[in-house]
Amino acid sequence: MTTVTTHGIHRVGPRIGAEVTGVDLTRAVDDETADQLRRAFQEHKVLVFRDQHLTPDQHVEAVRVFAEPFDHPTAVKDAANPLVYPYNVRQTGKASTWHIGGLWRSPVFAVESLTYEEVPELGGHTLWADLQAAYDDLSEPFKVLLASVSATYDADPQNYAQGTKRTAVTETVEHPVVLEHPLTGRKGLFLSTSATGLTGVTPQEGKVLLDHLLRHASSPDYTIRFGWNPGDFVLWDNQATWHYAVDDYGDGARVYRKVIGVERPGAATAAS
């Protein structure tokens, strides 16, 4: 059943992040609401829907409003739906570094999303930083330099699966350190702490440059922070932000499900 909704978009931070109220994602939303949510997503880059308690199938359909759910080739899959990837940090480890998802492929994932099932009593928040705002604040000469620079990453998807023991890097993939967003055309920094180096500059220059960019892009000036309750659903623009799961809760529980989305064919053309 399709539900017509009256909803609200409530900004949480001055740069990015909003909470959506009045939308029940356990049911299909109407076309007008879906269009409004997509516009809000492009503007705010991180959307939080509280108290949704989505099933695996509902989680996939919620992501489908924004992007095409992606079948990850190496991720552990939920028995209820192969497009859903379960995580329990006590087994899979914690994602406590600034990072972007899907760097093993080109293009990377358009959207990542989580449904929380168990959370620690205190802590376990997540940070996102606005990579487009970070780019905007760079000087014009520095932007010119970065236009010809790329970063290299491990190209083996197995090394990105839940709880995997990473093997040595044998093949790499390059991504430009400045990305023009495929839907909005806005430029932003595009890098992750897992970068193995930079191309287009000397190794010595690359080390200094990468260290500076990582510090700049993770500045508190560009961040938003969310805490969680069981049932919360969040999705974010993986091409305009990077994120960090705060590890301040010891051996507390943190269990969630992830669904990934990629652009639908022709989506960039339709948005331009």
Side-chain angles (χ1 to χ4, degrees), residues 10-20 41 44-54 59 63 75-76 85-103 108-109 111-134 153 159-166 188-195 210-260:
H10 308 277
R11 292 182 65 184
V12 177
R15 295 185 184 272
I16 59 171
E19 294 199 11
V20 182
F41 186 56
H44 300 291
K45 305 169 190 173
V46 182
L47 294 183
V48 173
F49 300 74
R50 301 291 187 183
D51 200 29
Q52 294 289 315
H53 297 278
L54 302 178
H59 188 165
V63 169
V76 177
Y85 314 116
Y87 286 77
N88 181 332
V89 299
R90 288 171 171 160
Q91 284 82 50
T92 60
K94 301 174 181 179
S96 300
T97 60
W98 283 105
H99 63 284
I100 291 170
L103 288 162
V108 299
F109 310 137
V111 171
E112 292 197 319
S113 70
L114 303 179
T115 288
Y116 286 92
E117 298 180 290
E118 295 182 52
V119 298
E121 183 177 354
L122 295 172
H125 295 184
T126 308
L127 301 172
W128 281 268
D130 186 341
L131 294 175
Q132 294 174 337
Y153 301 92
N159 283 336
Y160 295 84
Q162 307 99 300
T164 188
K165 291 185 178 180
R166 287 187 172 235
L189 290 178
F190 190 75
L191 74 166
S192 193
T193 52
S194 61
L210 182 59
D211 288 346
H212 172 72
L213 290 174
L214 293 174
R215 284 195 306 272
H216 175 69
S218 58
S219 166
D221 294 346
Y222 306 116
T223 62
I224 190 70
R225 180 178 185 136
F226 286 101
W228 310 112
N229 292 306
D232 290 346
F233 170 69
V234 58
L235 77 161
W236 63 93
D237 188 330
N238 190 57
Q239 297 173 322
T241 69
W242 63 344
H243 59 287
Y244 184 107
V246 179
D247 181 8
D248 60 354
Y249 55 96
D251 62 353
R254 198 166 190 262
V255 180
Y256 55 89
R257 289 183 267 107
K258 175 183 284 189
V259 174
I260 297 161

> Test side-chain contact (heavy atoms from CB on, under 4.5 Å) on Leu114 and Arg257; report intermediate values, then the result.
CA-CA 5 Å; Leu114 303 179; Arg257 289 183 267 107; over 6 Å; no
> Test side-chain contact (heavy atoms from CB on, under 4.5 Å) on Phe233 and His53 and set out the steps.
CA-CA 8 Å; Phe233 170 69; His53 297 278; over 6 Å; no
> With rounding to the nearest 0.5 angstrom, report the CG to CZ distance, Leu213 to Arg215.
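Result: 9.5 Å between the selected atoms.
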> So do Tyr249 and Val89 actually touch side chain to side chain, heavy atoms under 4.5 Å?
yes
> Between Gly123 and Pro120, what is the shortest heavy-atom contact and its length?
O-CG, 3.6 Å
> I'd like to know if the side chain of Trp242 pairs up with that of Ser192 as donor and acceptor (distance under 3.5 Å, no hydrogens or angles considered).
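Their side chains do not contain a donor-acceptor pair, so the 3.5 Å distance test is not met.
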> Does any N or O in the side chain of Asn238 come within less than 3.5 Å of the main-chain N or O of Gly101, such that one atom is a donor and the other an acceptor?
yes
> Indicate the atoms forming the closest heavy-atom contact of Tyr85 with Ala75, along with that distance.
CD2-CB, 3.6 Å
> Can Glu118 and Arg254 be counted as an ion pair, charged N to O under 4.0 angstrom?
no
> Give the intermediate values and the outcome of side-chain contact (heavy atoms from CB on, under 4.5 Å) for residues Leu235 and Phe41.
CA-CA 9 Å; Leu235 77 161; Phe41 186 56; 3.9 Å; yes
> Would you confirm whether the ring centroid of Tyr244 sits within less than 6.0 angstrom of the ring centroid of His99?
no
> Could Arg50 and Asp232 be called an ion pair, given the rule that one side-chain N must be under 4.0 Å from one carboxylate O?
yes
> How far does CZ of Phe190 sit from OG1 of Thr241, to the nearest 0.5 angstrom?
10.0 Å
> Grab the two heavy atoms, one from Gly252 and one from Arg90, that are nearest each other, plus how far apart they are.
C-NH2, 3.6 Å
> Is any side-chain heavy atom of His59 closer than 4.5 Å to a side-chain heavy atom of Gln52?
no
> Do the ring centers of His125 and Phe226 come within less than 6.0 Å of each other?
no
> May I ask you to decide if Trp98's main-chain N or O and Thr193's side chain share a donor-acceptor pair within less than 3.5 Å?
yes
> If you round to the nearest 0.5 Å, how far is OG1 of Thr223 from CH2 of Trp128?
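Spacing of CH2 (Trp128) from OG1 (Thr223) equals 11.5 Å.
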> Could you tell me which non-hydrogen atom of Ala217 sits nearest to which non-hydrogen atom of Leu191, and how far apart they are?
CB-CD2, 4.3 Å
> Any side-chain to backbone donor/acceptor pair from Arg15 onto Asp221? Under 3.5 Å, distance only.
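Checking the backbone N and O of Asp221 against the side chain of Arg15, a donor-acceptor pair under 3.5 Å is found.
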> For the aromatic rings, using the six-membered ring if either is Trp, is the centroid distance between His243 and Trp236 under 6.0 Å?
yes
> Less than 4.5 Å apart, any side-chain heavy atom of Val46 and any of Asp237?
no
> Report the C-alpha distance between Val246 and Thr126 in whole Å, list the side-chain angles of each, state the deciding distance to 0.1 Å, and finish with yes or no for side-chain contact (heavy atoms from CB on, under 4.5 Å).
CA-CA 6 Å; Val246 179; Thr126 308; over 6 Å; no
> Once rounded to the nearest 0.5 Å, what's the spacing between atom NZ of Lys258 and atom OG1 of Thr115?
12.5 Å
> Taking atom types as modelled, is there a side-chain donor on Tyr116 or Trp228 under 3.5 Å from an acceptor on the other?
yes
> Check whether any side-chain N or O of Ser113 sits under 3.5 Å from a backbone N or O of Val259 as a donor-acceptor pair, and report yes or no.
yes
> Rounded at 0.5 Å granularity, tell me how far CG in Leu131 sits from CG in Leu189.
6.0 Å
> To the nearest 0.5 Å, tell me how far Ile16 CD1 sits from His44 NE2.
11.0 Å
> I'd like to know if the side chain of Ser96 reaches the main chain of Ala245, judged simply by a donor and an acceptor atom lying under 3.5 Å from each other, with no hydrogens or angles considered.
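Flag set: sc Ser96 to bb Ala245 pair under 3.5 Å.
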> How close do Gly102 and Val108 get, counting heavy atoms only, and between which atoms?
O-CG1, 3.4 Å
